[in-house]
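FYI, the numbering just counts along the sequence from 1. All values derive from a computational prediction rather than experimental measurement.
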Amino acid sequence: MSTSTPSRHTVARFKMHWHVLFTHFPISLFGAAFGFQILHLFPTSLSGCVEIASTVALIGAAAMMIPTTLTGWFTWKKQYKGARVLIFQRKIAISYAILAVSTALVSWRTTQFKAFQDAPQSPWHWLYLAGIMLLIAGAGVEGYYGGRLNHR
């Protein structure tokens, strides 16, 4: 009885694209933070809870932007040979902008959390909501450009 190993050409190879996997976490968490901020506009007994949930979702999204940006950079360098074409220039600039805005919002939220929790109708709440909307728009544009790439 002979045991033979399959040839190199017949073995299915599974190639994980970490950047594509990581990308979905910040987008969904930015969406969750936005949804909780909308809920916070309506006075209920849960206002404090949705405000905390919004902050936690924002922190998670900002934290996930770090591996998302790093894996995107490594994929660009390895798979696309660091091509300096317009699509990558836009994706890199947008990624850095999202990282900067999300970090600024997290810093602001964690140092001034009480101001947000006590006054959902304050101008600060609307400014934060606008920042989250900016992050969602940036993530949408990133997704649009990412969808135009071929990840083989």
Which heavy atom of [X] sits nearest to which heavy atom of [Y], and what is that distance?
| X | Y | value |
| --- | --- | --- |
| Tyr80 | Leu149 | OH-CB, 3.7 Å |
| Ser54 | Gln37 | OG-OE1, 3.0 Å |
| Ile132 | Leu105 | N-CD1, 4.0 Å |
| Ser95 | Glu142 | N-OE2, 3.0 Å |
| Gly31 | Ile136 | CA-CD1, 4.1 Å |
| Leu29 | Gly60 | CD1-C, 3.5 Å |

If you apply the rule side-chain contact (heavy atoms from CB on, under 4.5 Å), what do you find for Tyr128 with Leu58, and how did you get there? CA-CA 11 Å; Tyr128 171 71; Leu58 177 66; 3.5 Å; yes
Test item: Lys77 side-chain N/O and Gly82 main-chain N/O as donor-acceptor pair under 3.5 Å: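 Checked: no pair found.
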Is there a donor-acceptor contact under 3.5 Å from the side chain of Thr69 to the main chain of Ile66? no
Is there a path of hydrophobic side-chain contacts, each under 4.5 Å between heavy atoms of I, L, V, M, F, W or Y residues, that connects Leu86 with Trp76?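 Each belongs to a different hydrophobic cluster.
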What about Val101 and Ile27, same hydrophobic cluster or not, with Ile/Leu/Val/Met/Phe/Trp/Tyr joined at side-chain heavy-atom distances under 4.5 Å?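 As far as the 4.5 Å side-chain criterion goes, Ile27 and Val101 are not connected within one cluster.
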Is there a side-chain contact between Arg109 and Glu51, using heavy atoms and a 4.5 Å cut-off? yes
Any side-chain heavy-atom pair of Phe30 and Ile98 under 4.5 Å: yes
Using a 4.5 Å cut-off between side-chain heavy atoms of Ile, Leu, Val, Met, Phe, Trp and Tyr, which other residues end up in the same hydrophobic cluster as Leu39?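 Phe36, Val50, listed by chain and number.
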Mind checking the CG-CZ spacing from Leu134 to Phe34? Nearest 0.5 Å is all I need.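 So the CG of Leu134 and the CZ of Phe34 are separated by 12.5 Å.
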Reported OH-to-NZ distance for the pair Tyr145 and Lys91, which is rounded to 0.5 angstrom: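 Rounded to the nearest 0.5 Å, the OH-NZ separation comes out at 10.0 Å.
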side-chain contact (heavy atoms from CB on, under 4.5 Å) between Leu129 and Ile38, intermediate numbers included: CA-CA 8 Å; Leu129 192 60; Ile38 294 295; 4.0 Å; yes
Tyr96: which residues meet the side chain to side chain donor-acceptor pair (under 3.5 Å) condition with it, sequence neighbours left out? none
The side chain to side chain donor-acceptor pair (under 3.5 Å) partners of Thr68 (sequence neighbours excluded) come to none
Do other residues, nucleotides or ligands put more than 12 heavy atoms under 6.0 Å from the CZ atom of Phe25?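 Counting other residues, nucleotides and ligands, CZ of Phe25 stays at 12 neighbours or fewer.
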